[in-house]
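Ligands are counted one by one from 1 in listed order, and the atoms in each one are counted from 1 as well.
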Amino acid sequence: MPDSYCHTVVVISGSGSNLQALIDASVASNFKISRVVSNNPDAFGLERAARDNIPTSMVNHRDYENREEFDLALQKAIDESQPDLVVLAGFMRILGQQFVKAYAGRIINIHPSLLPKYPGINTHQRALDAKDKEHGVSVHFVTEELDGGPVIAQDRVPVLKEDTAESLAERVLEKEHLLYPKVVSWFAAGRLGLAGNQAFLDGEPLPPGGIQVHP
Ligand code: GRF
(Lines give C-alpha, C1' and ligand atoms only; values in the text may rest on other atoms or scores of the structure.)
Protein backbone atom coordinates (compact mmCIF):
# COMPACT_ATOMS: atom_id res chain seq x y z
CA MET A 1 0.00 0.00 0.00
CA PRO A 2 1.59 3.35 -1.02
CA ASP A 3 2.35 5.76 1.83
CA SER A 4 0.37 8.56 0.23
CA TYR A 5 -2.78 7.15 1.82
CA CYS A 6 -4.30 9.13 4.67
CA HIS A 7 -3.89 6.89 7.71
CA THR A 8 -7.08 7.01 9.70
CA VAL A 9 -8.03 5.75 13.15
CA VAL A 10 -11.76 5.29 13.73
CA VAL A 11 -13.08 5.56 17.30
CA ILE A 12 -16.41 3.88 18.06
CA SER A 13 -18.74 2.86 20.89
CA GLY A 14 -21.37 0.71 19.22
CA SER A 15 -22.78 -0.82 16.07
CA GLY A 16 -20.20 0.78 13.80
CA SER A 17 -22.39 1.13 10.72
CA ASN A 18 -20.51 4.34 9.86
CA LEU A 19 -17.27 2.43 10.37
CA GLN A 20 -18.56 -0.16 7.88
CA ALA A 21 -19.35 2.56 5.34
CA LEU A 22 -15.81 3.89 5.77
CA ILE A 23 -14.27 0.43 5.45
CA ASP A 24 -16.25 -0.22 2.26
CA ALA A 25 -15.36 3.17 0.75
CA SER A 26 -11.67 2.92 1.68
CA VAL A 27 -11.19 0.05 -0.78
CA ALA A 28 -11.38 2.52 -3.67
CA SER A 29 -10.41 5.77 -1.97
CA ASN A 30 -7.43 7.77 -0.74
CA PHE A 31 -7.63 6.77 2.93
CA LYS A 32 -6.83 3.62 4.83
CA ILE A 33 -8.24 2.59 8.19
CA SER A 34 -5.19 1.72 10.28
CA ARG A 35 -6.94 0.94 13.55
CA VAL A 36 -10.34 0.87 15.24
CA VAL A 37 -10.52 1.89 18.89
CA SER A 38 -13.57 1.24 21.07
CA ASN A 39 -14.45 2.20 24.65
CA ASN A 40 -17.08 -0.56 24.72
CA PRO A 41 -15.99 -4.21 24.70
CA ASP A 42 -19.37 -5.26 23.22
CA ALA A 43 -19.27 -2.84 20.31
CA PHE A 44 -20.25 -4.72 17.15
CA GLY A 45 -17.90 -2.41 15.25
CA LEU A 46 -14.97 -4.38 16.73
CA GLU A 47 -16.21 -7.45 14.86
CA ARG A 48 -16.57 -5.48 11.66
CA ALA A 49 -12.91 -4.39 12.00
CA ALA A 50 -11.72 -7.91 12.80
CA ARG A 51 -13.54 -9.24 9.71
CA ASP A 52 -11.39 -6.91 7.62
CA ASN A 53 -8.17 -7.63 9.53
CA ILE A 54 -8.03 -4.09 10.86
CA PRO A 55 -6.15 -3.89 14.18
CA THR A 56 -8.37 -3.01 17.14
CA SER A 57 -7.80 -1.55 20.60
CA MET A 58 -10.17 -1.63 23.53
CA VAL A 59 -9.98 1.19 26.05
CA ASN A 60 -12.84 0.65 28.47
CA HIS A 61 -13.74 3.91 30.25
CA ARG A 62 -14.89 1.83 33.23
CA ASP A 63 -11.28 0.84 33.90
CA TYR A 64 -10.20 4.42 34.56
CA GLU A 65 -10.67 6.60 37.62
CA ASN A 66 -11.35 9.81 35.76
CA ARG A 67 -11.73 11.35 32.34
CA GLU A 68 -8.10 12.51 32.16
CA GLU A 69 -6.77 8.97 32.64
CA PHE A 70 -9.24 7.53 30.14
CA ASP A 71 -8.37 10.21 27.60
CA LEU A 72 -4.65 9.51 27.99
CA ALA A 73 -5.17 5.76 27.46
CA LEU A 74 -7.33 6.47 24.42
CA GLN A 75 -4.67 8.78 23.03
CA LYS A 76 -2.01 6.10 23.55
CA ALA A 77 -4.10 3.53 21.65
CA ILE A 78 -4.75 5.95 18.78
CA ASP A 79 -1.10 7.03 18.57
CA GLU A 80 0.04 3.45 18.13
CA SER A 81 -1.01 3.91 14.51
CA GLN A 82 0.30 7.48 14.16
CA PRO A 83 -2.76 8.53 12.19
CA ASP A 84 -3.11 11.54 9.92
CA LEU A 85 -6.79 11.72 10.84
CA VAL A 86 -8.95 10.63 13.79
CA VAL A 87 -12.57 9.85 12.94
CA LEU A 88 -15.17 9.62 15.71
CA ALA A 89 -17.98 7.39 14.47
CA GLY A 90 -20.77 6.77 16.97
CA PHE A 91 -18.34 7.42 19.84
CA MET A 92 -20.43 8.18 22.91
CA ARG A 93 -17.97 9.71 25.41
CA ILE A 94 -17.17 13.35 25.98
CA LEU A 95 -13.50 14.12 25.39
CA GLY A 96 -11.39 16.48 27.49
CA GLN A 97 -9.56 19.62 26.43
CA GLN A 98 -6.08 18.05 26.36
CA PHE A 99 -7.23 15.20 24.13
CA VAL A 100 -8.96 17.48 21.66
CA LYS A 101 -5.92 19.80 21.55
CA ALA A 102 -3.62 16.88 20.72
CA TYR A 103 -5.53 16.28 17.47
CA ALA A 104 -6.55 19.85 16.62
CA GLY A 105 -7.48 20.13 12.94
CA ARG A 106 -7.28 16.40 12.33
CA ILE A 107 -10.21 15.01 14.32
CA ILE A 108 -13.76 14.94 13.00
CA ASN A 109 -17.13 13.70 14.25
CA ILE A 110 -20.48 12.79 12.73
CA HIS A 111 -23.60 13.97 14.51
CA PRO A 112 -27.19 13.05 13.62
CA SER A 113 -28.72 16.53 13.48
CA LEU A 114 -28.46 19.73 11.51
CA LEU A 115 -26.04 21.45 13.88
CA PRO A 116 -26.19 23.84 15.65
CA LYS A 117 -29.61 22.26 16.28
CA TYR A 118 -29.68 19.45 18.85
CA PRO A 119 -26.17 18.85 20.13
CA GLY A 120 -26.03 15.89 22.54
CA ILE A 121 -28.37 12.89 22.49
CA ASN A 122 -31.95 12.00 21.39
CA THR A 123 -31.64 14.20 18.33
CA HIS A 124 -34.34 12.42 16.31
CA GLN A 125 -36.99 12.68 19.03
CA ARG A 126 -36.08 16.31 19.59
CA ALA A 127 -36.56 17.08 15.88
CA LEU A 128 -39.97 15.35 16.02
CA ASP A 129 -40.99 17.18 19.22
CA ALA A 130 -40.06 20.50 17.61
CA LYS A 131 -42.19 19.57 14.56
CA ASP A 132 -39.22 20.25 12.28
CA LYS A 133 -39.88 19.80 8.59
CA GLU A 134 -36.29 18.73 7.96
CA HIS A 135 -33.67 16.82 9.88
CA GLY A 136 -30.27 15.51 8.95
CA VAL A 137 -26.62 14.90 9.66
CA SER A 138 -23.56 17.05 10.18
CA VAL A 139 -19.86 16.25 9.96
CA HIS A 140 -17.73 18.69 11.93
CA PHE A 141 -14.25 19.30 13.23
CA VAL A 142 -14.02 18.38 16.90
CA THR A 143 -13.24 21.24 19.24
CA GLU A 144 -13.60 21.60 22.99
CA GLU A 145 -17.29 22.43 22.70
CA LEU A 146 -19.52 19.33 22.62
CA ASP A 147 -20.86 18.88 19.04
CA GLY A 148 -19.92 22.53 18.60
CA GLY A 149 -16.89 22.52 16.27
CA PRO A 150 -17.07 24.08 12.79
CA VAL A 151 -19.38 22.14 10.49
CA ILE A 152 -17.79 20.76 7.31
CA ALA A 153 -20.86 19.33 5.57
CA GLN A 154 -24.52 18.49 6.09
CA ASP A 155 -27.10 16.37 4.37
CA ARG A 156 -30.81 16.41 5.13
CA VAL A 157 -34.00 14.37 4.98
CA PRO A 158 -37.62 15.49 5.12
CA VAL A 159 -39.50 14.67 8.34
CA LEU A 160 -42.61 12.68 7.39
CA LYS A 161 -45.96 12.81 9.18
CA GLU A 162 -45.74 9.15 10.12
CA ASP A 163 -42.11 9.29 11.32
CA THR A 164 -41.03 7.86 14.65
CA ALA A 165 -37.60 8.51 16.17
CA GLU A 166 -36.59 5.08 14.82
CA SER A 167 -37.75 5.59 11.23
CA LEU A 168 -36.18 9.03 11.15
CA ALA A 169 -32.89 7.68 12.57
CA GLU A 170 -32.84 5.03 9.86
CA ARG A 171 -33.21 7.56 7.03
CA VAL A 172 -30.62 9.89 8.56
CA LEU A 173 -28.23 6.96 8.96
CA GLU A 174 -28.42 6.25 5.21
CA LYS A 175 -27.26 9.83 4.61
CA GLU A 176 -24.52 9.44 7.24
CA HIS A 177 -23.10 6.45 5.39
CA LEU A 178 -22.78 8.51 2.19
CA LEU A 179 -21.56 11.73 3.76
CA TYR A 180 -18.82 10.49 6.09
CA PRO A 181 -16.64 8.70 3.49
CA LYS A 182 -16.99 11.75 1.24
CA VAL A 183 -15.70 14.13 3.93
CA VAL A 184 -12.88 11.76 4.91
CA SER A 185 -11.76 11.61 1.28
CA TRP A 186 -11.75 15.45 1.13
CA PHE A 187 -9.49 15.49 4.17
CA ALA A 188 -7.29 12.77 2.69
CA ALA A 189 -6.89 14.81 -0.49
CA GLY A 190 -5.62 17.74 1.60
CA ARG A 191 -8.68 19.81 0.71
CA LEU A 192 -9.92 20.44 4.26
CA GLY A 193 -8.41 22.66 6.90
CA LEU A 194 -9.15 24.31 10.23
CA ALA A 195 -7.77 27.63 11.46
CA GLY A 196 -9.04 28.69 14.87
CA ASN A 197 -12.76 28.09 14.67
CA GLN A 198 -13.03 28.33 10.90
CA ALA A 199 -13.15 25.35 8.56
CA PHE A 200 -11.83 25.62 4.99
CA LEU A 201 -12.40 23.59 1.83
CA ASP A 202 -9.94 24.18 -1.00
CA GLY A 203 -8.68 27.26 0.83
CA GLU A 204 -12.15 28.84 0.96
CA PRO A 205 -13.80 29.48 4.35
CA LEU A 206 -16.89 27.29 4.81
CA PRO A 207 -20.21 28.91 5.78
CA PRO A 208 -21.62 28.11 9.28
CA GLY A 209 -23.55 25.00 8.12
CA GLY A 210 -20.67 23.77 5.95
CA ILE A 211 -21.21 22.34 2.45
CA GLN A 212 -24.88 21.48 1.86
CA VAL A 213 -24.80 18.17 0.03
CA HIS A 214 -28.53 18.44 -0.75
CA PRO A 215 -29.61 22.07 -0.41
C1 GRF B 1 -25.08 7.46 14.33
O2 GRF B 1 -26.28 8.17 14.14
C3 GRF B 1 -23.98 8.42 14.66
O4 GRF B 1 -24.07 9.63 13.97
C5 GRF B 1 -24.25 8.61 16.12
O6 GRF B 1 -24.43 7.29 16.59
C7 GRF B 1 -25.19 6.60 15.60
C8 GRF B 1 -24.69 5.18 15.48
O9 GRF B 1 -23.66 5.06 14.58
N10 GRF B 1 -23.28 9.44 16.78
P11 GRF B 1 -22.91 3.72 14.16
O12 GRF B 1 -23.88 2.75 13.56
O13 GRF B 1 -22.25 3.13 15.41
O14 GRF B 1 -21.89 4.20 13.16
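- One hydrophobic cluster, built from ILVMFWY side chains closer than 4.5 Å, holds both Leu19 and Phe187.
- Nearest protein heavy-atom contact of atom 3 (C) of ligand 1 is Glu176 OE1, 3.2 Å.
- The aromatic rings of Phe91 and Phe70 sit parallel to each other, their planes meeting at less than 30°, with 60° as the upper class boundary.
- The protein heavy atom nearest to atom 14 (O) of ligand 1 is Asn18 N, 2.8 Å.
- There is no protein heavy atom less than 4.0 angstrom from atom 7 (C) of ligand 1.
- Of all the atoms in ligand 1, the ones that sit under 4.0 Å from a non-hydrogen atom of Leu173 are 1 (C), 2 (O).
- Taking atom 12 (O) of ligand 1 as the reference point, the nearest protein heavy-atom neighbour is Ser17 OG, 2.5 Å.
- Atom 13 (O) of ligand 1 has Gly16 N, 2.8 Å as its closest protein atom, hydrogens excluded (heavy atom only).
- Counting the atoms of ligand 1 from 1 in the order shown, those under 4.0 Å from a heavy atom of Ile110 are 4 (O), 10 (N).
- Among all heavy-atom pairs drawn from Pro150 and Gln198, the shortest one is CG-N, 4.2 Å.
- Nearest heavy-atom pair, Asp163 versus Pro158, reported as atom, atom and distance to 0.1 Å: OD2-O, 4.1 Å.
- For a threshold of 3.5 Å applied to N or O pairs, the pair formed by Leu19 and ligand 1 contains no separation below that value.
- When all heavy atoms of Asp84 and Tyr5 are compared, the closest pair comes out as OD2-O, 3.7 Å.
- Considering Arg156, Lys175, Arg126, His124 in turn, His124 is the only one that fulfils the side chain to side chain donor-acceptor pair (under 3.5 Å) rule with His135.
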